[in-house]
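Everything below concerns the one structure shown next.
When a ligand or atom number is given, it counts from 1 through the structure's own listing order. Side-chain atoms are counted along with the backbone in the values below, which use heavy atoms only and exclude waters and symmetry mates.
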Amino acid sequence: MKFRRLNNYFEIGVHNGHVLFKIRSNFKIAVDPDFVFDFFRKAGKILMNPYNLFNRYFEKTSDDFFRQDAERVFANKNVQIALIDGLHQYDYALRDIENTLKYLSDDGVILVHDCNPLSHSASGTWQEWQASGEKGFWNGDVWKAIVHLRSTRKDINIFVLDCDHGLGVVTKGLTEKPLSYQREQIEKLTFAELEANREQLLNLKPVNYFYTYFLGK
Ligand SMILES: C[S@@+](CC[C@H](N)C(=O)[O-])C[C@H]1O[C@@H](n2cnc3c(N)ncnc32)[C@H](O)[C@@H]1O
């Protein structure tokens, strides 16, 4: 089994660096307005994985990063693999994916977390989730960004792996089974409609489809 080596890593929404610090690459760009680690955690992570010495941290929103820094940061190196896990709202996730696509290499991959919410309250806005008083994980309506892109972008392909809380996979190339929703329709889509049409709306795939898609097996 042979994987392509995708080196240049970009993460939006890093939190405590749970994913970032494990990655072995000397080009890692981290964006979060509120990193949950200090100098000592960073130093410890450099000892555990020396690649972390080269990490570049941008403590700001992804919108500010794209407005102020992205052009310079990605001038000589494009993004080969990105994890989008910032603000879990339709418009934010959509902008994060579209902005990242501008800097993505032709064989690059964007992963998007929380695309397949399992409960009604986890799938709404942050305000709704807080008002629900439920415990657990808030996924937000990132799923609507997936429906939006599958309806509007014919130059990219998207599927969502049915694992964790739904891992979106975005690559360049022709769209499989495009959708034709307008923005106003997407805004009105309900969790009940998602429940009834997950496969169709998200292009939901079993986890091992990852190998079929990238390795042809
Ligand atoms: C679910 S956590 C990320 C978890 C992390 N990717 C991991 O795997 O451990 C979401 C993060 O998004 C950050 N965030 C919130 N709004 C953001 C924005 N506008 N731009 C970038 N990051 C944002 C939060 O500060 C938080 O740390």
Under a 4.0 Å heavy-atom limit, does Asp63 contact ligand 1 with its side chain, its backbone, both, or neither?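 For Asp63, no heavy atom sits under 4.0 Å from ligand 1.
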Counting neighbours of CD on Glu71 that are heavy atoms of other residues, nucleotides or ligands and sit closer than 6.0 Å, is the number greater than 12?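 Incorrect, the count does not exceed 12.
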Surrounding OH of Tyr92 (heavy atoms of other residues, nucleotides or ligands, distance under 6.0 Å), is the total greater than 12?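 Count not over threshold, so no.
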With a 3.5 Å distance limit and no angle check, can you tell me whether Glu11 reaches the backbone of Ala30 through a side-chain donor-acceptor pair?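 Side chain of Glu11 to backbone of Ala30: no pair is present.
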Determine whether a donor-acceptor pair (N or O, by modelled atom type, separation under 3.5 Å) exists between the side chain of Lys144 and the backbone of Leu189.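 Between the backbone of Leu189 and the side chain of Lys144 there is a qualifying donor-acceptor contact (under 3.5 Å).
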Return the residue, atom name and 0.1 Å-rounded distance of the protein heavy atom closest to [atom].
atom                    : result
atom 14 (N) of ligand 1 : Pro33 CD, 3.8 Å
atom 16 (N) of ligand 1 : Leu87 CB, 3.6 Å
atom 8 (O) of ligand 1  : Val19 CG2, 3.2 Å
atom 9 (O) of ligand 1  : His18 CB, 3.3 Å
atom 3 (C) of ligand 1  : Gly13 O, 3.3 Å
atom 20 (N) of ligand 1 : Ser62 N, 3.0 Å
atom 27 (O) of ligand 1 : Asp32 OD2, 2.7 Å
atom 19 (N) of ligand 1 : Thr61 CB, 3.7 Å

Full working for side chain to side chain contact (heavy atoms under 4.5 Å, CB included) between Phe58 and Phe35: CA-CA 9 Å; Phe58 294 83; Phe35 289 120; 5.6 Å; no
Evaluating non-hydrogen atoms only, which member of Leu111, Ile84, Asp85 is closest to atom 10 (C) of ligand 1?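 Comparing heavy atoms across Leu111, Ile84, Asp85, the nearest one to atom 10 (C) of ligand 1 lies in Asp85.
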Taking the six-membered ring for Trp and the single ring otherwise, decide whether the centroids of [X] and [Y] are under 6.0 Å apart.
X      : Y      : result
Tyr57  : Phe37  : yes
Tyr181 : His148 : no
Phe10  : Phe65  : yes

For His15, counting its heavy atoms only, list the atoms of ligand 1 lying under 4.0 Å from any of them.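 This gives 2 (S), 3 (C), 4 (C), 27 (O) as the contact atoms.
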For ligand 1, which atoms have a heavy atom of Ile12 less than 4.0 angstrom away?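 Checking each atom against Ile12, I get 21 (C).
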Out of curiosity, is Glu11 lining ligand 1, as in a heavy atom under 4.0 Å away?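 Heavy atoms of Glu11 do come under 4.0 Å of ligand 1.
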Assess whether side chain to side chain donor-acceptor pair (under 3.5 Å) is satisfied between Asn49 and Arg24, documenting all intermediate values. CA-CA 7 Å; Asn49 173 11; Arg24 295 156 67 86; 4.9 Å; no
